[in-house]
Structure formats: structure tokens, C-alpha cells
There are 2 protein chains.
Amino acid sequence: MNAASFYSKVPRHLVAVDCIIFGFDEGKLKLLVIKRKVAPMAGEWSLVGGFVQTDESTDDAAARVLKLTTGLDDIYMDQLHCYGEVARDTGARVISVAYYALIRIKDHDKPLAQEHGAHWLELENMPELIFDHKKMIEDALVKLRDNAQFHPIGFELLPEKFTLSQLRCLYEEIYGRTLDKRNFRKKILSLDVMEKLEEKDKTSSKKGAHLYRFDADKYDQLKRKGLVFEI
Amino acid sequence: MNAASFYSKVPRHLVAVDCIIFGFDEGKLKLLVIKRKVAPMAGEWSLVGGFVQTDESTDDAAARVLKLTTGLDDIYMDQLHCYGEVARDTGARVISVAYYALIRIKDHDKPLAQEHGAHWLELENMPELIFDHKKMIEDALVKLRDNAQFHPIGFELLPEKFTLSQLRCLYEEIYGRTLDKRNFRKKILSLDVMEKLEEKDKTSSKKGAHLYRFDADKYDQLKRKGLVFEI
DNA sequence: GCAAAAGTGTTCCAGATACACCCATGG
DNA sequence: CCATGGGTGTATCTGGAACACTTTTGC
């Protein structure tokens with residue numbers, strides 16, 4: 001059999017990407033979701049998505065969709081899972097590859113997002129979503145937890161400069177449980193991957209809290225030497 | 001926009017599944033690979049795969065492909081990753097969803113496998129493979145390690161009755177390092193998820209080693225009570 | 001002066017690691 | 001009788017968990 005006859009007569013499918021876009025604001029994990037504009041399910045809440053084009057990889061498609069809605073490039077994104085049930089999309093048979101992204105809410109293009117009907121909703125208070133998007137979000141949260149424990153991805157959700165309280169609050173949100181203040185400080189500081197700045201943040205206390213910055217270069221160096229990041 | 005116009009004019013893609021089929025035999029992790037029969041790359045080593053049909057989910061397609069080559073049903077399978085680079089398949093643009101499966105080599109339909117040109121090759125001594133199949137295998141091994149540590153999936157690779165030495169040997173293969181005999185026994189037995197049988201296996205020692213059987217019901221009970229499986 | 005968040009150390013316990021010898025048996 | 005793999009217990013160490021008071025300063 002030659003290549004032409006091997007690949008011909010094979011069914012072709014619509015392939016979509018859906019993005020679970022995490023943000024962190026006001027001490028809460030949030031997701032960027034949109035009011036769907038097209039039938040079926042127009043007007044319902046949906047993840048941000050789009051179809052994979054002929055000349056782009058699925059990774060590229062996810063990056064394109066993210067940029068289209070947030071204006072952001074060069075963002076932490078990871079593939080979550082491919083959802084391939086025949087009837088998962090009620091409009092047509094669509095195979096969807098889901099990605100999750102971590103962004104700094106402050107950095108995104110707010111007008112652009114609004115133009116696309118996008119809203120930041122609290123993870124803990126998600127409305128009904130179309131198709132299997134709820135399941136995607138659940139799966140993404142599990143994966144986020146797993147990854148955040150052993151990789152320094154939490155910093156992707158915080159501003160460049162942040163306080164230890166903010167960082168702890170973020171991890172508490174991700175893990176869904178409280179963390180001991182002293183143990184958390186001890187552990188994260190012992191990793192020695194953050195730079196302590198002179199500046200203090202006074203927005204949330206009279207005393208002021210030191211700001212820190214994640215040092216990616218230092219992390220890479222230490223990782224090569226065998227550092228095991230764990231929070 | 002209505003549904004018909006929304007979904008029309010969207011490019012459609014060939015979607016394949018590829019299966020990384022792990023087995024364990026003679027103390028070694030092995031993979032079931034085939035000599036590819038069709039162009040391009042006919043005659044080269046390849047993972048077992050096939051195209052996703054119109055009426056089947058990607059999970060179903062993977063299960064179908066596995067059954068076709070091994071005769072086995074109802075096997076541990078988990079999705080690995082969706083590989084979506086545009087040019088990953090040199091014959092056409094094919095998006096591939098990879099799955100990995102754990103089977104008991106002794107249970108598979110050997111003649112059927114041979115008929116499909118399938119061979120069990122040692123993981124440590126893999127030849128070159130077509131396309132990105134090498135990468136898929138590497139990714140699968142990472143995922144297998146991660147999963148085996150916290151889920152009792154190692155048992156899927158062993159016969160129903162096995163000795164502690166066999167089990168330890170399997171984990172040594174998976175992790176790629178030796179494990180202390182006494183510590184391993186202590187840990188695995190303390191989980192209390194295996195039934196100790198009266199029978200002994202004398203094939204590998206004069207004294208004979210007790211056979212054990214994994215007790216899935218007991219594991220499920222203990223898990224509900226909060227047992228954390230970890231090896 | 002007081003409210004509100006920042007910052008700081010020690011004790012305790014569980015689980016991981018390291019390690020060496022006797023046992024049973026077929027040949 | 002000896003070679004081979006099976007089976008066993010203890011001491012030590014490390015890292016996680018629990019826990020409460022002082023500091024700073026804006027109001």
C-alpha cells in the first residue's frame with residue numbers, strides 16, 4: 001500500500017483547543033470564561049477555545065486562542081488532556097485538546113477580553129458551563145495542584161514582586177487548605193530561589209511586608225545541582 | 001451565527017491513536033512494537049496505532065487498536081498526551097493521541113501479535129522508531145514512574161500470583177534504580193493490600209518464595225479510608 | 001493605645017534509610 | 001555440603017507538623 005491510499009478514506013475530524021486560563025486576584029483563584037456567541041449553547045458560559053487550523057500545531061492553536069482573548073504572549077501553558085468522546089460537543093463531533101494557562105491578571109488586555117465577552121469568575125463559584133467544560137476545569141485543578149507542588153509555577157500567577165503572605169495565600173487557594181505561616185516561610189525560603197527586595201508592600205498592613213522576586217536563573221542553576229522544589 | 005455555519009469551513013484533521021504497550025518479562029520492561037507495513041516508513045519500527053473512526057471516541061480507538069494486536073480487553077490504559085505538531089507524521093498531517101497500556105505479557109494472544117508483525121522489545125534497548133514515537137515512549141516512561149509511585153498499577157504487569165522479589169524487581173525496572181530488599185518488603189506489606197498465599201514459587205530458588213495476590217477490593221476499601229499508596 | 005498583619009524558633013514524631021545475618025532446599 | 005535466593009530487625013537520621021508571642025505602625 002502506498003502513502004496516498006493509506007491516508008485516503010480515513011475519516012477526518014474537527015479538532016478544537018480549549019483553554020483553562022487561571023488567574024489570581026483578591027486572594028482568589030479565578031478563571032477566564034466567556035459567554036458563548038454561537039449556536040449551539042449561545043449565551044452559555046464556556047471556556048475560551050477555537051479550532052486547530054491546517055498550518056498550526058495544537059500548541060500553537062492554544063497560544064493563538066490565549067493571545068486573542070488576553071493579548072498575552074509567552075505564557076506558561078501546558079497540555080491537560082485530549083477529550084475525545086463522540087458526543088461531547090452537541091453541535092458536531094469535535095475532538096478537543098485542553099490546555100491550561102497561568103497568567104497575571106493585571107497584565108492582560110482588559111478591553112480586548114471584554115470585547116470577546118470574557119469575564120474573570122471565581123473558581124469556587126463557577127456557573128454551569130457547556131459540554132464537558134466543567135470536567136475540564138476539575139481535571140485542570142487536579143493537574144495544577146500536582147504541578148504546583150513540584151514546580152515553581154505558582155509565581156506565574158503573581159505579580160513580579162510579591163509578599164510571602166500573597167504567595168502563601170496563593171498556595172492555600174491552590175491546595176484548598178490553610179498552610180502554617182511559619183512552616184511555609186521556612187520551607188520556601190530554604191529553597192533559596194527568591195530574591196528579597198528592599199522595598200516593602202504597605203497595602204495590606206501598617207508594618208509593611210517585604211517584597212520578593214522569583215529568580216528563575218537561580219532556580220535553574222539549583223535544579224541542575226539536584227534541588228527538588230517542593231511546597 | 002447558527003451551528004451549521006459555525007462548524008462548516010473549519011479544517012478537519014486525521015486523528016490517530018498510538019499505544020505504548022508495556023509488558024514485564026524475564027525481569028525486564030518491554031514494549032510491543034511493530035514493523036510498519038505501509039508507506040511512508042514501511043519496514044521501520046513503530047508503535048501500534050490506528051485512526052480514530054467517526055463513531056468511536058479516542059479512548060475506544062485506543063482500546064480497539066490494543067485488542068486488535070494483543071487480543072486483550074479490559075486492560076489498564078491511560079491517555080498520555082496529544083501530539084499535535086503539524087509535520088510530526090511525514091506522510092500527512094496527523095494529530096495523534098497517545099495512550100499507554102500495562103499488560104501481562106503471558107496473557108496476550110501471541111499468534112495474533114505475530115500476525116500483525118508485533119514484537120516485544122526491551123525498553124532499554126529500543127531501536128530507532130518512526131516519527132515522534134521515541135519521544136512518546138520517553139514521555140510514557142516518565143508518566144509510568146509518576147503513576148506507579150502513587151497508584152497500584154504495577155500489579156497490572158505481573159501475573160495474578162507473584163513473589164515479592166518479582167514485585168521488587170519490577171519496581172526497580174520502572175524506577176531505574178535498586179531498592180533495598182528489607183525496606184521494600186516492609187513498605188509494601190505495611191500497605192496491607194496483598195493477600196499472602198500458601199503456595200510457593202520454586203522456579204527461582206530452592207527454598208521457594210511465597211506467592212502474593214493483589215487484593216483490589218481491599219485496596220479500594222482502604223483508599224476510601226484515606227490510605228495513601230506510595231512505593 | 002490598639003488593631004492588624006509581619007515576622008520569628010523549638011519540640012516532637014513518623015517515616016525513610018542504612019545495614020548483615022540466618023534459613024531452607026535442590027543439586 | 002554448598003550455592004542460591006528467601007526472609008528477617010534495629011539504629012539513626014531527616015523532614016514535616018504543631019504551636020504562641022513580639023514587632024511595627026497607621027489610625
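A note on names: the letters A, B, ... follow the listed sequences, proteins ahead of strands, and every chain is numbered from 1.
For B:Lys202, counting side-chain heavy atoms from C-beta on, the closest listed nucleotide (D:dG6, C:dA5, C:dT25) is C:dT25. Picking from D:dG9, C:dC23, D:dT8 the nucleotide with the shortest atom distance to the side chain of B:Asn183 gives D:dG9. Closest approach to the B:Lys206 side chain among C:dC19, C:dG7, C:dT25 is made by C:dT25 (side chain taken as heavy atoms from C-beta onward). Nearest to the side chain of A:Arg182, among C:dA18, D:dG7, D:dA20, sits D:dA20.
For D:dG6, one of the phosphate oxygens OP1 or OP2 lies less than 4.0 angstrom from a side-chain nitrogen or oxygen of B:Ser165. OP1 or OP2 of C:dG7 has at least one side-chain nitrogen or oxygen of A:His210 nearer than 4.0 Å.
One N or O donor and one acceptor, one from the side chain of B:Lys181 and one from the base of D:dG7, sit under 3.5 Å apart. Under 3.5 Å, the side chain of B:Lys207 and the base of C:dA24 form no donor-acceptor pair of N or O atoms.
Regarding A:Arg168, its CZ atom lies at a distance of 11 Å from the P atom of C:dA5, rounded to whole Å. If you take CZ of B:Arg185 and P of C:dA16, they are 17 Å apart, rounded to a whole angstrom. Protein atom CD of B:Gln149 is 16 Å distant from nucleotide atom P of C:dG15, rounded to whole Å. One can place CG of B:Asp180 at 14 Å from P of D:dG6, the figure rounded to the nearest angstrom. Remark: C1' of C:dT8 and CZ of A:Phe184 are 16 Å apart, rounded to the nearest angstrom. The interatomic distance linking B:Glu199 (CD) with D:dG6 (P) rounds to 17 Å, in whole Å. C:dG7 atom P lies 14 Å from atom CD1 of A:Ile188, rounded to whole Å. Rounded to an integer number of Å, the gap from B:Ile231 CD1 to C:dA16 C1' is 13 Å.
Counting non-hydrogen atoms under 4.0 angstrom, A:Thr163 reaches nothing in the nucleic acid. In this structure, B:Lys186 reaches the bases: a heavy-atom distance under 4.0 Å links it to at least one base atom across the strands shown. Nucleic acid contact for A:Lys187: sugar-phosphate only, since backbone atoms but no base atoms lie under 4.0 Å from a heavy atom of the residue.
In this structure, B:Gly208 and B:Glu230 both approach DNA chain C, and ranking their closest nucleotides by distance from the 5' end singles out B:Glu230.
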Practice item. Test A:Phe162 against A:Phe214 for ring-ring contact (aromatic ring centres under 6.0 Å, His included), laying out the working first. Key: CA-CA 9 Å; A:Phe162 52 85; A:Phe214 176 62; 8.3 Å; no
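Closest non-hydrogen pair, B:Leu197 versus B:Arg213, comes out as CD2-NH2, 3.4 Å.
Using cut-offs of 30° and 60° on the angle between ring planes, the pair A:Tyr212 and A:His210 is perpendicular. Between A:Tyr219 and A:Phe229, the ring planes lie perpendicular to each other; the angle is over 60°, past the 30° to 60° tilted range.
Separation of the B:Trp45 and B:His119 ring centroids falls under the 6.0 Å cut-off.
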